[in-house]
Peer 1: 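Sharing a structure, written as structure tokens. Questions coming.
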Amino acid sequence: MIVGQIPFSEFFSLLSNQGLRAKMGPFNMQIRTASSTLAEHLYSLYGNYELVERDLVEFHVQISPVRLIKKPFSPHALFFLDGRSLFPPFPAEQALAALEWGINLAVAARINHLLLFHSAIVERKGYAVILPASPGSGKTTLCTALVHRGYRLFSDEFGLMDPGREIFLPIPRLMPLKNESIRAIRNYLPEAVLGPEIRNTHKGTITHVRPPTESIARSDETAKAKWIIFPKWVSDAPLRLDPLPDSEAFLLLASNSFNYEVLGDTSFQAVTRLIRSCRCYKLIYSEFDAALTAIDALTDDI
Amino acid sequence: MTYKPPAHHALLLNALINPASLVEYNATKWELLLRLARKVKLLGRLAIDLKNRGLLDHIPLRAANLLQSSLIQVKRLQQITHWELNRISWALKDTGAPVVALKGVAYFLAGVPESDGRMYVDLDIMVPKDRLSDVESTLTKKGWVHHHKLSAYDEHYYRAWSHEIPPLIHSERETEVDIHHTLSPPTSRLEINTGLLFSAAVTAGNSGYRILCPADMVLHCAVNLFQNNELADDLRDLLDIHDLLLFFSKNEKDFWEKLIERANQLNLGRSLFYGLYFSRFIFQTPIPENLENDLNEKPNPLSRRIMHYLVPQALFPLHPDKHSRHALVARSLLYLRSHWIRMPIHLLVPHLAYKTYLSIFRAKQ
């Protein structure tokens with residue numbers, strides 16, 4: 001059963017009592033909040049996630065109101081992971097962004113049986129395309145465009161790799177667009193389902209894109225990777241797609257991982273094999289159409 | 001007498017005492033167990049217990065994945081802590097100051113098998129008090145810096161009242177180094193002859209590193225838990241005592257006699273009493289009966305009764321979904337106790353008042 005199949009009243013009652021238990025890729029999350037505003041946003045954005053019925057849950061998170069002595073009349077909230085607050089209080093209207101960010105933080109802090117790349121991953125024709133990039137390079141924006149044009153979303157943020165089996169695991173979560181990207185996506189993809197615009201976060205204005213229904217329904221289907229593309233959005237730049245030497249790709253990929261050092265030898269071996277089995281490129285783009293055409297052409301050639 | 005625990009304590013305790021029974025746990029039990037074990041830093045321990053028995057494939061996959069994840073993190077922390085000890089020894093070689101490794105690293109160096117899955121975040125070492133300034137200035141010349149920016153108050157707290165100096169960290173690495181000069185704060189009522197600890201210290205295997213002798217290692221663990229700590233969520237430390245007692249009583253000749261003799265010599269009977277008492281009470285450690293009778297200093301019967309009731313409530317983690325009022329009260333009382341026995345009242349009252357002030361007006365910023 002998926003979240004959207006239960007009525008809102010039941011959904012909100014779960015959130016505010018024992019917790020909403022939902023499956024997000026390989027992990028189960030339990031979310032609690034008494035905020036009806038947050039519940040309304042989640043009801044539409046989390047509608048496609050499967051409810052956890054019998055299995056155990058790995059992450060227990062909660063958003064709770066907090067009163068600040070310095071700002072007694074401005075409602076704030078805290079994010080808790082297993083009862084422990086992970087970051088300072090935030091204005092209550094930013095709860096959705098904090099929840100999404102907090103869950104990312106929780107996964108990054110606890111998971112080491114998988115190698116976690118800071119990377120978007122999409123799949124086409126059964127193979128994963130890895131799009132690693134540093135913040136601000138337009139990774140989420142490009143990923144949003146791709147997954148509305150025939151690619152299956154694995155993640156816009158976490159490349160989860162099983163280092164032993166060399167496969168990638170989908171974890172389709174909300175994709176946070178920032179600032180100018182919001183308008184760019186609204187214009188380019190009028191069909192995309194977007195959440196509320198959340199202003200004045202530490203990253204500016206944020207809006208979340210709901211993952212396509214199919215991406216969530218197929219989130220147990222893993223894939224091997226065939227392409228690694230380092231994207232960078234540059235205003236007005238002509239499109240360029242250049243091959244990248246393996247050594248450079250290795251360094252860029254390893255330094256864009258959350259737990260490369262923690263896994264030690266395992267991650268060194270895994271990234272080495274990954275680079276050897278992939279074709280690596282650097283992409284500079286300013287327009288979605290040109291970028292999509294180039295990535296389509298690349299991935300046509302299996 | 002054995003501990004008759006509330007259900008969630010029993011769930012965790014059973015996992016620690018009888019790991020093989022974990023293959024019977026269902027998803028609900030596992031979910032709670034994982035949350036409890038994480039709270040008291042024992043996920044790595046459960047992971048190694050199951051791994052050594054070849055049982056990681058016989059439990060729910062999600063649980064096995066979380067345990068593997070913790071074990072990988074534990075191994076990484078062990079690796080960088082051992083490297084830090086290597087670098088500290090290198091940096092201090094020319095000073096000639098004796099360096100004794102303490103706590104987690106020391107248990108590992110001593111060969112305690114369970115230390116394989118033990119999480120340790122900091123490197124703890126001890127140097128003689130008269131070598132402290134030399135050690136500190138040598139390390140700061142060689143790239144270590146003070147880890148936190150300290151207020152004048154905190155600086156004073158460390159220098160005047162603590163058994164450690166403010167923690168150091170190498171500017172290129174991530175392991176905090178805690179440098180002790182004795183086992184317990186000088187403001188406490190204990191007066192430990194530290195010279196005896198250094199002269200009895202032993203070299204661990206062929207590592208070249210120095211660690212406390214077996215009896216002193218147990219005493220330090222007990223002092224740390226029952227004298228220095230606030231006991232909340234410190235089950236791991238009691239488990240350390242249990243592990244050390246099992247290991248040394250098997251491998252050291254006349255270990256029990258030496259332990260009691262040493263506790264009497266160092267006047268650490270009270271802490272050892274509690275260590276033996278609760279290790280036996282909770283983990284059913286096979287300690288010779290009436291061993292504690294030979295201790296010169298023992299808590300009086302009233303203290304024992306109060307501690308008997310309070311300590312398990314604090315050591316075990318709270319139930320994540322329903323905090324018992326009893327446990328919260330027990331924890332507050334033990335928090336006060338820990339300060340009471342660490343500091344005389346004329347220091348304690350202003351200290352707690354200042355900490356309370358900070359917690360209200362600073363942390364909220």
Side-chain angles (χ1 to χ4, degrees), chain A residues 17-19 21 23-30 32 52-62 66-72 74 76 78 80-85 88-89 106-116 160 162-164 169 220 258-267 270, chain B residues 22 25-41 43-44 47 51 56 59-80 82-83 119 173-175 232-233 317-323 328 357-365:
Chain A
N17 294 299
Q18 67 266 47
R21 293 159 73 89
K23 176 179 180 305
M24 297 186 181
F27 307 121
N28 290 337
M29 309 280 167
Q30 176 181 293
R32 293 173 68 185
V52 175
E53 283 166 56
R54 262 185 287 279
D55 213 349
L56 68 93
V57 159
E58 293 105 324
F59 297 92
H60 301 77
V61 304
Q62 186 167 2
V66 62
R67 203 164 283 292
L68 303 185
I69 287 179
K70 297 241 162 164
K71 296 177 188 163
S74 136
H76 275 65
L78 274 171
F80 292 95
L81 171 64
D82 261 327
R84 214 165 64 94
S85 151
V107 171
R110 286 188 177 176
I111 296 302
N112 295 309
H113 69 285
L114 302 173
L115 186 51
L116 310 179
L160 302 182
D162 181 331
L169 287 72
D220 283 337
F258 293 94
N259 60 356
Y260 180 85
E261 293 194 346
V262 178
L263 272 73
D265 184 48
T266 308
S267 44
Chain B
L22 287 174
Y25 276 29
N26 62 18
T28 315
K29 280 187 167 185
W30 264 111
E31 185 173 327
L32 180 58
L33 173 64
L34 291 167
R35 298 177 80 185
L36 295 168
R38 186 185 297 280
K39 189 87 189 155
V40 289
K41 306 190 203 81
L43 281 179
K51 196 177 170 199
L56 273 178
I59 62 169
L61 180 64
R62 289 175 192 280
N65 284 341
L66 284 188
L67 291 177
Q68 289 279 19
S69 285
S70 283
L71 193 55
I72 290 168
Q73 190 197 18
V74 161
K75 290 285 168 205
R76 166 69 181 165
L77 288 169
Q78 290 178 350
Q79 183 190 39
I80 61 176
H82 292 154
W83 177 240
M119 159 99 86
R173 294 192 292 273
E174 45 195 294
T175 309
D233 295 335
L318 297 169
H319 191 291
D321 295 325
K322 32 183 190 271
H323 292 181
L328 291 173
Y357 167 83
L358 281 192
S359 70
I360 295 173
F361 293 100
R362 287 281 178 78
K364 302 275 180 180
Q365 277 178 7

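In what follows, every chain begins at residue 1, and chains take the letters A, B, ... in the order their sequences are listed.
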Peer 1: With B:Q79, which residues qualify under side-chain contact (heavy atoms from CB on, under 4.5 Å), at least two apart?
Peer 2: B:R76
Peer 1: Could you tell me which portion of B:L34 (side chain, backbone, both or neither) has an atom closer than 4.5 angstrom to a non-hydrogen atom of chain A?
Peer 2: side chain
Peer 1: Give, as side chain, backbone, both or neither, the part of B:N26 having an atom under 4.5 angstrom from any heavy atom of chain A.
Peer 2: neither
Peer 1: Rounded to the nearest 0.5 Å, how far apart are CG of A:D82 and CZ of B:R38?
Peer 2: 7.0 Å
Peer 1: In sequence, state the C-alpha distance, the side-chain angles, and the governing distance for A:N28 and B:E31, and then conclude on side chain to side chain contact (heavy atoms under 4.5 Å, CB included).
Peer 2: CA-CA 11 Å; A:N28 290 337; B:E31 185 173 327; over 6 Å; no
Peer 1: Quick one: what part of A:R84 sits under 4.5 Å from any heavy atom of chain B, side chain, backbone, both or neither?
Peer 2: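 Neither part.
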Peer 1: After noting the C-alpha distance and the side-chain angles of B:E174 and A:E261, does the key distance pass the side chain to side chain contact (heavy atoms under 4.5 Å, CB included) rule?
Peer 2: CA-CA 12 Å; B:E174 45 195 294; A:E261 293 194 346; 4.1 Å; yes
Peer 1: Considering only heavy atoms and a distance below 4.5 Å, find which of A:R54, A:K71, A:Q30, A:H113 pairs most often with chain B.
Peer 2: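 Between A:R54, A:K71, A:Q30, A:H113, the count favours A:H113.
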Peer 1: If we define contacts as heavy-atom pairs under 4.5 Å, which of B:K29, B:Q68, B:R35, B:K39 has the most with chain A?
Peer 2: B:R35
Peer 1: For B:I72 and A:N112, work out which heavy atoms get closest and say how close.
Peer 2: CD1-O, 3.2 Å
Peer 1: Would you compute the distance between atom CG of B:L66 and atom CZ of A:F27 and round it to the nearest 0.5 angstrom?
Peer 2: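 Between atom CG of B:L66 and atom CZ of A:F27 there are 8.0 Å.
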Peer 1: List the atom of A:L56, the atom of B:P60, and the distance in Å for their closest heavy-atom pair.
Peer 2: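 Residues A:L56 and B:P60, closest heavy atoms: CD2-CB, 4.0 Å.
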Peer 1: Do the side chains of B:L43 and A:R110 get nearer than 4.5 Å, heavy atoms only?
Peer 2: no
Peer 1: What part of B:A63 gets within 4.5 angstrom of chain A, counting heavy atoms only: side chain, backbone, both, or neither?
Peer 2: both
Peer 1: For B:K75, look at atom NZ and say whether over 12 heavy atoms of other residues, nucleotides or ligands are found less than 6.0 Å away.
Peer 2: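 Enclosed: over 12 neighbouring heavy atoms sit under 6.0 Å from NZ of B:K75.
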